[in-house]
Amino acid sequence: MNTAADPQSSSDSSSDAQPLAERVENRSQRPSSSAFKEFMASQWAPASTDVAGLDASAPFAAQRRSALSAIFPEDRLVIPAGPLKVRSNDTDYRFRPHSAFAHLTGLGLDHEPEAVLVLEPVAAGTGDSGSNHVATLYFRPMAGRDSEEFYSNSRTGEFWIGRRPTLEEFQARLGLPTLHMDLHLEDAITKDAGPKEFGGKRIRLMRDVDLTCDALVDTSRINTNVDLEESDGFDAQLAEAVSELRLIKDEWEVEQMRSAVEATINGFHSVVKALPRAVEHKRGERVVETAFFAHAREEGNDLGYDTIAASGNNATVLHWIRNNGQVNTGDLILVDAGVEADSLYTADVTRTLPVNGTFSEVQRRVYQAVLDAADAAFAVAKPGAKFRDVHAAAVKVLAENLDQWGLLPVSLEVALSEEGQHHRRWMPHGTSHHLGLDVHDCAQAKKELYLDGVIQPGMIFTIEPGLYFKADDLAVPEEYRGIGVRIEDDVLITEDGNINLSESLPRSPDDVEKWMRGLLQP
Ligand code: GLY
Ligand code: MN
Ligand code: MN
């Protein structure tokens, strides 16, 4: 007999019994009678059959797919959206598709867990828009109200999570054929696959996005004697290509970035207004963080990344996202935050504000040096310059200021040499990164096209110099300790220069003080 006093017997009996995976149902009291099932399937008003027109993003997504098609004309390209991710036990994070999937479909919001875009190669020039591929979107459409899934599946059922797209809706919105993934995806990915030298179709997969797709492709490769190591290389080339495709933003993407930046600027206004309450609160940084978060959810899809709300010495911690510190009057607060639009494009903006609305003399000195560094970077961020020149321009100005303040342990010339770089102690991060669907966009691009690449019209990147003097940094006089300043703007490269997309958010110390006064005065 199994008793609580007999742990051995208890554990034996437990492992023989119900599989762990099924136990999530143990708290379910859902009726299972046929009467209940029939009643649940009946008496719903007919679902709307209205089908929307083409999404504004669809023609741009089609052009992106054509560009990718030209790079890999003969190969099957598999781009998953990714599955839902568990946050805790049976509770998932809100879904966000992989950025490559969003880019190549034009879909945003939470579309669509487990979906997969497949670009099937066809005879050269006979595919979509004269390309070499025909694209199809595979996903699990909304289950009918006559199905048990409708009311019983808490991850996919309409009763639980609301309306989801039908095959017809996505087909009309994206201008793409759509098929039910449960019925067609496996075949679409694996049919005729095999070593190219024996007439098989080569698959290139965006790996590590959806483990089910990885397993499907791996199994197919093993079963058809495809060289696995070589295939890894082919997959990596696809990841590189989709990343590089995003280095230049199209017109629709620029519009999305403008709207993400605008919502972000609105969020910074709320940040300033929240400062008096932040000072009163024992976790004032959280007050600031959540003031911004309201904008991210009200105006956009979410935050593009976790907000950094870092007051006092916390501003010298580059990725301070714990945000549980106090906000003290007399200190600076560094706020690095970005709204992600519904299209999933994100802004990435930083302002460093005097909590009481007025910079002290030393705070202003440090702030002005960082601003001058940013302006120097803006001056070189033009078509034809190298991406790395932007950083070089910014850090040179920072080094000059540090030298003037007597903080460099060597001459300016030695510090600026490759063997020196002493100034980087106080600015150890890069000045710029590409920005778009990912806050650190285009991260798989080749170095020749990124750091060593030439700046071109349509690029969008950040300019974000900073200076960070930690409270325990004995290499600087006491007056600098505990001061961290970063100014970050989002720049669009034009034919003959650049546009600071976040320019309307005050940057100069005088403008910041005036702006804060305007918002804080009763
Ligand atoms: N917020 C992250 C970054 O500025 O790169
Ligand atoms: Mn940034
Ligand atoms: Mn940032």
Side-chain angles (χ1 to χ4, degrees), residues 57 59-82 97-108 117-119 121 127-129 131-133 135 202-209 230-254 256-257 304 343-346 348 381-391 430-462 490-495 498:
S57 59
F60 294 95
Q63 282 173 20
R64 299 169 201 154
R65 290 193 297 273
S66 290
L68 191 63
S69 170
I71 301 172
F72 305 111
E74 294 176 355
D75 301 343
R76 177 175 297 150
L77 310 179
V78 179
I79 297 119
H98 189 276
S99 295
F101 177 88
H103 191 238
L104 293 167
T105 59
L107 283 171
L117 176 71
V118 178
L119 269 62
D128 301 336
S129 322
S131 75
N132 309 309
H133 289 80
R202 177 187 290 152
I203 309 171
R204 291 184 190 256
L205 166 70
M206 281 295 292
R207 292 194 79 83
D208 302 325
V209 179
E230 194 182 37
S231 295
D232 275 351
F234 293 139
D235 291 343
Q237 286 169 353
L238 175 62
E240 177 186 280
V242 298
S243 205
E244 291 173 355
L245 217 51
R246 308 210 309 257
L247 283 164
I248 310 282
K249 270 61 183 176
D250 59 39
E251 196 186 309
W252 185 82
E253 293 180 289
V254 171
Q256 298 311 307
M257 289 300 298
S343 56
L344 307 178
Y345 287 79
T346 187
D348 180 11
K382 294 189 173 150
K386 283 223 169 129
F387 191 79
R388 59 163 66 248
D389 297 342
V390 178
H391 175 71
T431 301
S432 297
H433 56 79
H434 282 270
L435 185 64
L437 280 164
D438 292 330
V439 61
H440 296 161
D441 214 33
C442 315
Q444 279 76 42
K446 287 186 280 293
K447 195 174 179 193
E448 303 96 271
L449 295 184
Y450 202 124
L451 195 57
D452 292 328
V454 174
I455 294 175
Q456 294 175 54
M459 287 183 165
I460 295 183
F461 52 81
T462 64
D490 301 339
V491 54
L492 165 67
I493 301 300
T494 58
E495 291 300 326
N498 64 57

J.: Is there a donor-acceptor pair under 3.5 Å between the side chain of Thr462 and the backbone N or O of Ser432?
T.: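 Checking the backbone N and O of Ser432 against the side chain of Thr462, no donor-acceptor pair under 3.5 Å is found.
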J.: For Tyr450, check ring pair (Phe, Tyr, Trp, His ring centres under 6.0 Å) against everything at least two apart and list the hits.
T.: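 Partners of Tyr450 by the ring pair (Phe, Tyr, Trp, His ring centres under 6.0 Å) criterion, ordered by chain and then number, come out as Phe387, His434.
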J.: Can you tell me how far CG of Asn498 sits from CD1 of Ile455, rounded to the nearest 0.5 angstrom?
T.: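 Here the interatomic distance stands at 8.5 Å.
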J.: Does any non-hydrogen side-chain atom of Ser69 lie less than 4.5 Å from one of Asn132?
T.: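 The answer is yes, as the side chains (C-beta and beyond) meet within the 4.5 Å cut-off.
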J.: If you take all heavy atoms of Thr346 and Met257, which pair is closest and at what distance?
T.: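 Nearest pair, atom of Thr346 first, then Met257: O-CE, 3.1 Å.
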J.: Would you mind reporting whether Leu245 and Leu104 have side-chain heavy atoms less than 4.5 Å apart?
T.: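 Side chain of Leu104 against side chain of Leu245, heavy atoms only: contact under 4.5 Å found.
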J.: For Asp250, what residues pass the salt bridge (Lys or Arg N to Asp or Glu O under 4.0 Å) criterion, not counting sequence neighbours?
T.: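 Expected list: Arg64.
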J.: Determine whether Leu247 and Glu244 satisfy the following criterion, side-chain contact (heavy atoms from CB on, under 4.5 Å), listing intermediate values before the conclusion.
T.: CA-CA 5 Å; Leu247 283 164; Glu244 291 173 355; 4.2 Å; yes
J.: What are the two closest non-hydrogen atoms of Leu238 and Leu205, and how far apart are they?
T.: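 Heavy atoms of Leu238 and Leu205 come nearest at CD2-C, 3.8 Å.
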J.: Evaluate the side-chain contact (heavy atoms from CB on, under 4.5 Å) criterion for residues Phe234 and Ile203: first the C-alpha distance (whole Å), next the side-chain angles of each, then the deciding distance (0.1 Å), finally the verdict.
T.: CA-CA 8 Å; Phe234 293 139; Ile203 309 171; over 6 Å; no
J.: What pairs meet the salt bridge (charged side-chain N to carboxylate O under 4.0 Å, His left out) rule with one or both residues in residues 233-243, with sequence neighbours excluded?
T.: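 Sorted result for residues 233-243: Arg207-Asp235, Arg221-Asp235, Glu240-Lys446.
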J.: Would you name the heavy atoms of His98 and Pro80 that are closest together and state the gap between them?
T.: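 Taking His98 first and Pro80 second, the nearest heavy atoms are CB-O, 3.9 Å.
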J.: Compare all side-chain heavy atoms of Val242 with those of His103 and state whether any distance is below 4.5 angstrom.
T.: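 No; the side chains remain at least 4.5 Å from each other.
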J.: Checking Ile71 against Arg204 for the side-chain contact (heavy atoms from CB on, under 4.5 Å) test, could you report, in this order, the C-alpha distance in whole Å, the side-chain angles of both residues, the deciding distance, and whether it holds?
T.: CA-CA 12 Å; Ile71 301 172; Arg204 291 184 190 256; over 6 Å; no
J.: State which residues pass ring pair (Phe, Tyr, Trp, His ring centres under 6.0 Å) with Phe101; sequence neighbours excluded, sorted by chain then number.
T.: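 If we apply the ring pair (Phe, Tyr, Trp, His ring centres under 6.0 Å) test to Phe101, skipping adjacent residues, there are no hits.
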J.: Which is it for Arg388 and Lys447 under the side-chain contact (heavy atoms from CB on, under 4.5 Å) test, yes or no, and what are the steps along the way?
T.: CA-CA 11 Å; Arg388 59 163 66 248; Lys447 195 174 179 193; 4.3 Å; yes
J.: Which residues satisfy the ring pair (Phe, Tyr, Trp, His ring centres under 6.0 Å) test with His433, sequence neighbours excluded?
T.: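 For His433, the residues satisfying ring pair (Phe, Tyr, Trp, His ring centres under 6.0 Å) (neighbours in sequence not counted) are His440.
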J.: Between the main-chain N or O of Gly127 and the side-chain N or O of His133, is there a donor-acceptor pair closer than 3.5 Å?
T.: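 Not at all, since once roles are kept as given, no pair shorter than 3.5 Å links the two residues.
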J.: Only counting residues at least two apart or in another chain, list the ones meeting salt bridge (Lys or Arg N to Asp or Glu O under 4.0 Å) with Arg65.
T.: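 For Arg65, no residue satisfies salt bridge (Lys or Arg N to Asp or Glu O under 4.0 Å) once neighbours in sequence are set aside.
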J.: What's the spacing between Met206 CE and Ile79 CD1 if we round to 0.5 Å?
T.: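 Met206 atom CE to Ile79 atom CD1 measures 7.5 Å (nearest 0.5 Å).
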J.: Is the shortest heavy-atom distance from the side chain of Ser66 to the side chain of Asp128 under 4.5 Å?
T.: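 With C-beta onward as the side chain, the pair stays apart.
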J.: Between Asp348 and Asp490, what is the shortest heavy-atom contact and its length?
T.: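 Smallest heavy-atom distance, with atoms named: O-OD1, 2.6 Å.
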J.: What is the minimum heavy-atom distance between Ala102 and Leu344, and which atoms define it?
T.: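 It is CB-CD1, 4.0 Å.
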J.: Any chance the side chains of Asp438 and Ser99 put a donor and an acceptor closer than 3.5 Å?
T.: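 The criterion, which ignores hydrogens and geometry beyond distance, is satisfied for Ser99 and Asp438.
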